[in-house]
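Written below as structure tokens is the structure these notes are about.
Below, chains carry the letters A, B, ... as their sequence lines are ordered, and counting in each starts from 1.
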2 protein chains.
Amino acid sequence: MDTPFRKVGSDKLLSGKIEESIELAIRRKDYKAGEKLPTEGQLCDLFGVSRTVVREALRKLSARGLVVIKQGSGAYVNELSSESAIDSINLFLELTDDGSLIFDIIRARQLFEPEIAGLAALNRTAAELDELAGNLEALKASSMEDIDGQTIIDIRFHSLIASATHNNVVALLMRPIFDNMPKVKRSIYAKNNLGYLTHDKSMVLKFHEDIYEAIKNADPREASHAMLAHLKATEKNFKDSLE
Amino acid sequence: MDTPFRKVGSDKLLSGKIEESIELAIRRKDYKAGEKLPTEGQLCDLFGVSRTVVREALRKLSARGLVVIKQGSGAYVNELSSESAIDSINLFLELTDDGSLIFDIIRARQLFEPEIAGLAALNRTAAELDELAGNLEALKASSMEDIDGQTIIDIRFHSLIASATHNNVVALLMRPIFDNMPKVKRSIYAKNNLGYLTHDKSMVLKFHEDIYEAIKNADPREASHAMLAHLKATEKNFKDSLE
DNA sequence: AATTCATATAACATCATACAACTTAGGGCG
DNA sequence: CGCCCTAAGTTGTATGATGTTATATGAATT
């Protein structure tokens with residue numbers, strides 16, 4: 001017989017226990033990024049369980065992005081990319097969207113991005129400034145009809161600024177917001193004609209240039225102001241498109 | 001040589017394909033939260049694969065928080081909580097922390113929370129105001145030595161304000177920041193004596209009261225200002241603790 | 001009649017084995 | 001030396017058997 005009282009929260013499933021155990025080893029950096037974990041067979045011996053259990057534990061870890069499993073080779077600690085974490089957030093936002101997501105995104109950007117632009121104006125390096133300049137050129141060169149292409153460039157512009165804060169937390173948390181920009185843009189343009197779009201591209205370009213100039217001049221106040229103006233215009237576009 | 005172009009997203013592994021297929025069904029809301037998925041056996045027949053494959057697919061989905069598997073009962077679509085998504089973010093932040101995490105958190109709060117407090121001042125309901133008042137009382141009543149308890153109350157205070165923006169995106173994205181507040185606080189208090197703590201509690205209380213008053217008065221400017229003052233003080237505490 | 005209890009059935013959990021598909025390393029060959 | 005090819009190792013899939021847990025059914029009790 002086993003213990004009469006099972007500690008709460010202690011995963012009773014073997015695969016869960018082993019998942020925890022391996023996760024802990026990774027968190028402790030016993031196995032560092034890129035390193036190979038023991039083979040399935042070795043893990044079976046170590047934990048004294050069947051291959052089924054070990055495989056399911058590894059599968060769970062891979063689903064969470066902690067490890068990658070390569071057939072014929074082995075299981076490796078993942079060079080941690082933020083993708084799986086971001087994906088989780090995006091999935092949650094999508095599944096719990098009660099219709100307010102797009103507007104929440106728009107308002108969240110108004111809250112966060114002006115401050116971000118201000119900090120970026122203070123912290124940006126020369127190299128980051130160059131990247132922003134290149135991004136402006138790319139937007140200029142894009143064709144009017146290529147909305148998706150412009151959106152990608154747009155996202156890149158704002159992501160660059162978030163990165164230029166040199167604050168990993170800020171850059172990471174903005175990702176789900178940026179990832180949803182295509183959805184916002186599609187919503188705005190769904191009911192509008194092409195003539196409107198050409199106007200929009202030049203408008204976006206103008207705002208981006210203003211923001212760029214302020215960041216170039218290391219002027220946080222103006223960067224923040226220009227960013228807010230940009231996002232207010234976006235909100236207006238969105239509201240207009242609702243009618 | 002493998003094929004030069006593999007259809008993107010087409011997982012070559014069976015368990016991956018089936019995972020995708022079930023995930024898609026959930027995203028399409030073919031199966032809604034709480035509903036029971038087909039049994040392992042049924043899924044085997046539907047997809048024409050072995051139980052091994054089906055089980056591993058379900059394991060991955062459960063690791064990502066999309067389904068919960070109950071022994072003897074079945075697999076159910078998870079009432080989606082944000083927990084697993086937040087956990088992913090927190091794990092990523094922990095594993096990629098190069099030592100700057102705590103400071104990034106402190107600065108990120110300074111960027112975001114003043115604006116959040118301002119919006120909360122505009123959007124808060126009377127009920128939310130009551131909850132904030134109750135939180136202040138709880139902080140007053142807490143014992144000086146119970147740092148962990150105070151931290152929990154502190155987190156609750158700031159979370160309530162984020163929720164009072166009535167912006168789901170904002171509330172969600174702030175969660176990882178709040179979850180890391182204990183780490184920040186421990187770092188600050190690690191080298192300080194008890195006398196300092198008593199002073200700190202009264203200081204935090206004062207700031208919280210200022211913020212509360214501004215939100216109560218529906219004064220976004222003042223709420224934002226009071227919040228920034230609070231967070232600047234936190235930063236000062238942190239910097240002092242480094243010496 | 002309602003409740004409790006025991007039992008049967010269904011569903012998931014684990015184990016063991018076998019074979020297929022893939023990777024990698026090492027040896028043979030030109 | 002470099003290429004190819006084989007062989008061993010590792011993961012992927014399939015299958016069958018058995019253990020554990022949940023649920024429904026119906027009998028027994030009050």
Review point. Where do Q42(A) and T39(A) come nearest, in terms of heavy atoms and distance?
Key: OE1-N, 2.8 Å
Exercise for review: I would like to know whether E137(A) and K140(A) meet salt bridge (Lys or Arg N to Asp or Glu O under 4.0 Å); could you show each step before the answer?
Suggested key: CA-CA 5 Å; E137(A) 293 307 315; K140(A) 272 182 203 162; 3.3 Å; yes
Point to revise | Gap separating the NZ atom of K60(A) from the CG atom of L13(A), nearest 0.5 angstrom | key: 6.5 Å
Check your understanding: Can you check the E40(B) CD to dA17(D) P distance for me, whole Å?
Key -> 17 Å
Practice item. Describe the nucleic acid contact of T39(A) in one word from base, sugar-phosphate, nothing, applying a heavy-atom distance below 4.0 Å. Key: sugar-phosphate
Check your understanding: Going by heavy atoms in the side chains, are R175(A) and E83(A) under 4.5 Å from each other?
Key -> yes
Practice item. For H208(A) and D154(A), test the side chains for any donor-to-acceptor distance below 3.5 angstrom and give the result as yes or no. Key: yes
Check your understanding: Is the shortest side-chain N/O distance from R59(B) to OP1 or OP2 of dA13(C) below 4.0 Å?
Key -> yes
**Study point:** 5' precedence on DNA chain C between Q42(B) and G48(A) (nearest-nucleotide basis)
**Key:** Q42(B)
Check your understanding: Would you say S73(B) reaches dA22(D)'s phosphate, i.e. side-chain N/O to OP1/OP2 under 4.0 Å?
Key -> no
Practice item. Round to a whole Å and report the spacing from OH of Y76(A) to P of dC22(C). Key: 16 Å
Practice item. Quickly work out the L58(A) CG to dT13(D) P distance and round it to whole Å. Key: 14 Å
Review point. What is the distance from CZ of F47(B) to P of dA14(D), rounded to the nearest Å?
Key: 13 Å
Check your understanding: Rounded to the nearest Å, what distance is computed from the CD1 atom of residue I69(A) to the C1' atom of nucleotide dT13(D)?
Key -> 14 Å
Review point. Tell me: NZ of K12(A) to P of dT20(D), nearest whole Å?
Key: 14 Å
Exercise for review: Verify the contact: side-chain N or O of R55(B) to OP1 or OP2 of dA13(C), cut-off strictly under 4.0 Å; return yes or no.
Suggested key: yes
**Study point:** Gap between atoms CD and C1', on Q71(B) and dA11(C) respectively (whole Å)
**Key:** 9 Å
**Study point:** S50(B) side-chain N/O to dA14(D) phosphate OP1/OP2 under 4.0 Å
**Key:** yes
Check your understanding: Between atom CZ in R51(B) and atom P in dA16(C), what is the gap in whole Å?
Key -> 16 Å
